[in-house]
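Have a look at the structure below, then the notes.
Below, read A as the first sequence line, B as the second, and so on, with proteins coming before strands; counting in each chain starts at 1.
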Amino acid sequence: MPRNWLADLQSLYSSFDPITSINSGQVFLWEKHRDSSWYGVSGDHILKIKQAGCELFEFSSFPEDKAWHRRMFRLDDDARTIFGEISRDSLVRRIVRLYPGLRLMRQEPHQCIFSFVCASNTNIPMIRRMLHNLTRKFGRPVKVDGLEFFTFPSANDIDRADIDELRSCGLGYRVRAIKSAAHAIASGQLDFDVLKAASYEEAKKELLQIYGIGNKIADCILLFSLEKLDAFPMDVWIARALLENYSWLHQEEFGDKLTLHQYEELSNSARRYFGKYAGYAQQYLYYHMRQTAGKKW
DNA sequence: GTACAGGCAGTAT
DNA sequence: ATACTGCCTGTA
């Protein structure tokens, strides 16, 4: 580790870039409009980020919430400590320097659950389309800067929603999974405060009870909305990254598709290796894989 | 036409 | 326990 690494970290921390973060594949409902402003949907709020200069951003929200960006981009976390914790090798050190503005985001739990249930066996443009349709059909219209947006529907909204109307959002066979998740939340079976206070293992066990939530989706929900920064969601991109750069982390060979056992082994090895902020390392590796693969979303 | 996309659950071995 | 298969839908 270079001697000036800690001083380096301080400068990395100050280069926080919300635009990179919202475009790193963890959130789906953000759009760019005229004059370089980005608008996003988070629960009942429409959020806005305007780039006012190099590394200078203005954050606003409708209705007003002056602190939303602190919460959403986890600016209450100590990025310096986190970067230090996950920098276990030259690869992570390199990509933290490469994308110093990238942050893990804190999402509304219900929106996060519906988003990642929609994400099963499809691609990001399709996920965006499904969620966009859901907001238009079941959300509430909000005018911001002369543009029309729709809030994200509540679990109750989805729980009460008509099956055919849900189907018309392009969800396909995911309708059943969306419905079961909505009912679990609306009925109180899933209690976000309880899940946040619980350990990673306990909270994951609860999520896995829900029809339509498996290993990967559960880990995304835990990491992005339930404060489990040690969760390490394992998808084909991350598996590839681990296979190429951390072959010593796993014993057995595996192909493109992971078996249940392989998922557990890989994810848990990565969690042990990267430590309590493993999920942050995952986001960096994921973003780097997508960047180098030239994916546009 | 056919393969494929950031999984999951149900069924068969 | 582990492997195999179908699944909505849109795009290449």
Test item: [X] side-chain N/O and [Y] main-chain N/O as donor-acceptor pair under 3.5 Å:
X: A:Lys276; Y: A:Ile82; result: no
X: A:Ser267; Y: A:Met234; result: no
X: A:Glu244; Y: A:Ala239; result: no

Whole Å only: how far is the [atom1] atom of [X] from the [atom2] atom of [N]?
X: A:Asn123; N: C:dT9; atom1: CG; atom2: C1'; value: 10 Å
X: A:Trp237; N: B:dG7; atom1: CH2; atom2: P; value: 11 Å
X: A:Ile210; N: B:dC8; atom1: CD1; atom2: C1'; value: 14 Å
X: A:Leu260; N: B:dT11; atom1: CG; atom2: P; value: 17 Å
X: A:Glu264; N: C:dA1; atom1: CD; atom2: P; value: 13 Å
X: A:Met130; N: B:dG7; atom1: CE; atom2: P; value: 12 Å
X: A:Tyr263; N: C:dA3; atom1: OH; atom2: P; value: 18 Å
X: A:Lys257; N: B:dC4; atom1: NZ; atom2: C1'; value: 14 Å

- Task: May I have the step-by-step check of side chain to side chain contact (heavy atoms under 4.5 Å, CB included) for A:Val236 and A:Lys257, ending in yes or no?
- Result: CA-CA 7 Å; A:Val236 293; A:Lys257 50 205 175 211; over 6 Å; no
Decide, yes or no, whether a salt bridge links [X] with [Y] under the criterion of side-chain N to carboxylate O below 4.0 Å.
X: A:Lys66; Y: A:Glu64; result: yes
X: A:Glu58; Y: A:Lys48; result: no
X: A:Asp77; Y: A:Arg103; result: no

Nucleotide nearest [X] (side chain, heavy atoms from C-beta), chosen from [options]:
X: A:Lys216; options: C:dC8, B:dG7, B:dG10; value: B:dG7
X: A:Val236; options: C:dC8, C:dG10, B:dG7; value: B:dG7
X: A:Ser120; options: C:dT2, B:dG7, B:dA9; value: B:dG7

Please write out each protein N/O paired with an N/O of nucleotides 5-7 of chain C under 3.5 Å, distance rounded to 0.1 Å.
none

- Message: Judged by each residue's nearest nucleotide on DNA chain B, which is more toward the 5′ side, A:Tyr211 or A:Phe224?
- Response: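 The answer here is A:Phe224.
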Identify whether any heavy atom of [X] sits under 4.0 Å from a base atom; if not, whether one sits that close to sugar-phosphate; answer base, sugar-phosphate or nothing.
X: A:Arg129; result: sugar-phosphate
X: A:Ile217; result: sugar-phosphate
X: A:Ile127; result: nothing

- Item | Face-on cation placement of A:Arg88 at A:Phe274 ring, 6.0 Å and 45° thresholds |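 Pair A:Arg88/A:Phe274 does not count as cation-pi.
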- Task: Using the ring of A:Trp68 (Phe, Tyr or Trp, six-membered ring only), decide whether A:Arg71 places NZ or CZ under 6.0 Å from its centre and within 45 degrees of its axis.
- Result: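 A:Arg71 over A:Trp68 ring: no.
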- Task: Please report the C-alpha distance between A:Gln283 and A:Ser24 in whole Å, then the side-chain angles of each, then the deciding distance to 0.1 Å, and finally whether the side chain to side chain donor-acceptor pair (under 3.5 Å) criterion is met.
- Result: CA-CA 8 Å; A:Gln283 190 60 30; A:Ser24 68; 3.2 Å; yes
- Task: For DNA chain B, find the residues of residues 162-171 of chain A with a heavy-atom distance under 4.0 Å and give them by number; none if there aren't any.
- Result: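 Within this stretch, nothing sits under 4.0 Å of the strand.
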- List the steps, then state whether side chain to side chain donor-acceptor pair (under 3.5 Å) holds for A:Asp219 with A:Tyr263. CA-CA 11 Å; A:Asp219 279 331; A:Tyr263 184 102; 2.7 Å; yes
- Message: My understanding is that only one of A:Phe150, A:Phe62, A:Phe149, A:Trp30 makes a ring-ring contact (aromatic ring centres under 6.0 Å, His included) with A:Tyr39; could you say which?
- Response: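 By the ring-ring contact (aromatic ring centres under 6.0 Å, His included) criterion, A:Tyr39 pairs with just one of A:Phe150, A:Phe62, A:Phe149, A:Trp30: A:Phe149.
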- Secondary-structure notation, DNA chain C, from Watson-Crick and G-U pairs under 3.5 angstrom (| other strand): |||||||.||||
